[in-house]
Amino acid sequence: KTAIAHYKKALEIDEHLSNGMGQCIDKFNIGLSNLEANNLLEAEQYLSNSYKLAVSNGSLTYIQNTSEKLSILYEKLGGNKRALAFMRTYNLMNDSINNKTKVALQYAKNQETVATSNEKLDTANSSIKNNEKLGLESNIDGVFSNLMYVLIAIATVFLLIVIVRLFTTN
């Protein structure tokens with residue numbers, strides 16, 4: 001009950017500040033505390049409101065969290081269809097968040113590869129400039145190799161842009 005009182009005070013502050021995401025989190029915490037205290041109807045009220053705020057604020061994490069708790073709540077209330085619907089939403093959000101994490105990690109690895117490729121290109125370009133200054137002809141194989149590095153770097157960046165757009169538009 002003490003936790004609920006503190007969360008309600010935080011909710012008042014967030015409502016005064018028009019902080020939608022803060023209200024979402026506060027209502028989630030109040031709903032969760034009520035769920036744990038087996039105050040199911042009050043838990044339903046706060047968790048449902050938290051879910052709506054999570055959706056309107058685009059918070060995948062809180063859509064996932066509230067979906068999971070609403071599924072548990074409706075199972076306790078005997079609303080198995082609603083429980084199943086929220087469990088499906090939870091699983092979908094869980095998969096989505098995991099996929100975004102994997103894409104972010106792959107993007108970071110690709111950025112590291114691009115940076116390494118750029119360092120090799122810089123080194124190769126310096127070598128070519130030094131050879132030209134000395135009046136030596138550039139090796140055709142070296143130029144072809146440099147061209148391949150550039151094309152690979154461009155293709156990697158293009159692929160990353162396509163992947164990021166794919167996951168941000170869904």
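Predicted, not measured: the structure shown is a model, and the values here were computed from it.
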- prompt: Which heavy-atom pair separates S50 from C24 by the least distance, and what is that distance?
  reply: OG-O, 2.9 Å
- prompt: side-chain contact (heavy atoms from CB on, under 4.5 Å) with K76: which residues, sequence neighbours excluded?
  reply: L35, N38, L40, I72
- prompt: Out of curiosity, L92 CG to I63 CD1, how far, rounded to the nearest 0.5 Å?
  reply: 9.5 Å
Where L73 and A43 come nearest, the two heavy atoms and their spacing: CD1-CB, 4.0 Å
task: Report the residues that fulfil side chain to side chain donor-acceptor pair (under 3.5 Å) with N49, sequence neighbours left out, ordered by chain and then residue number.
output: none
- request: Report, as yes or no, whether the 6.0 Å neighbourhood of atom CG on L41 holds more than 12 heavy atoms from other residues, nucleotides or ligands.
  value: no
field: Straight-line distance of T66 OG1 to L47 CG, nearest 0.5 Å
entry: 7.0 Å
- prompt: Which pairs, with at least one residue in residues 5-39 and sequence neighbours excluded, count as a ring-ring contact (aromatic ring centres under 6.0 Å, His included)?
  reply: F28-Y62
- request: Could you walk me through whether M21 and S59 pass the side-chain contact (heavy atoms from CB on, under 4.5 Å) test, one step at a time?
  value: CA-CA 8 Å; M21 198 58 220; S59 173; 3.4 Å; yes
statement: Sorted by chain and number, sequence neighbours left out, side chain to side chain donor-acceptor pair (under 3.5 Å) with N65 holds for none
query: I4, I25: one ILVMFWY side-chain cluster at the under-4.5 Å cut-off?
result: no
query: Can you tell me how far the CD atom of E68 sits from the OG1 atom of T89, to the nearest 0.5 Å?
result: 12.5 Å
message: Are M87 and L60 linked, directly or through intermediate hydrophobic residues, by side-chain heavy-atom contacts shorter than 4.5 Å (ILVMFWY only)?
response: no
Residue list, side-chain contact (heavy atoms from CB on, under 4.5 Å) with Q23, at least two apart or on another chain: L11, D14, E15, L53
query: Taking only residues at least two apart or on different chains, which pairs with a member in residues 32-56 satisfy ring-ring contact (aromatic ring centres under 6.0 Å, His included)?
result: Y51-F86
task: Calculate, to the nearest 0.5 Å, the distance between atoms CD1 and CG belonging to I30 and N39 respectively.
output: 12.5 Å
- prompt: With a cut-off of 6.0 Å (strictly less than), are more than 12 heavy atoms of other residues, nucleotides or ligands near CD of E75?
  reply: no
message: Could you work out, with salt bridge (Lys or Arg N to Asp or Glu O under 4.0 Å) as the rule, every residue matching E36, not counting sequence neighbours?
response: none
- prompt: Which pair of heavy atoms, one from A3 and one from S33, lies closest together, and at what distance?
  reply: CB-OG, 4.4 Å
- request: For E44, enumerate each residue passing the side chain to side chain donor-acceptor pair (under 3.5 Å) test, keeping only those at least two apart in sequence or located in another chain.
  value: Y74
statement: By salt bridge (Lys or Arg N to Asp or Glu O under 4.0 Å), E42 pairs with (sequence neighbours left out) K8
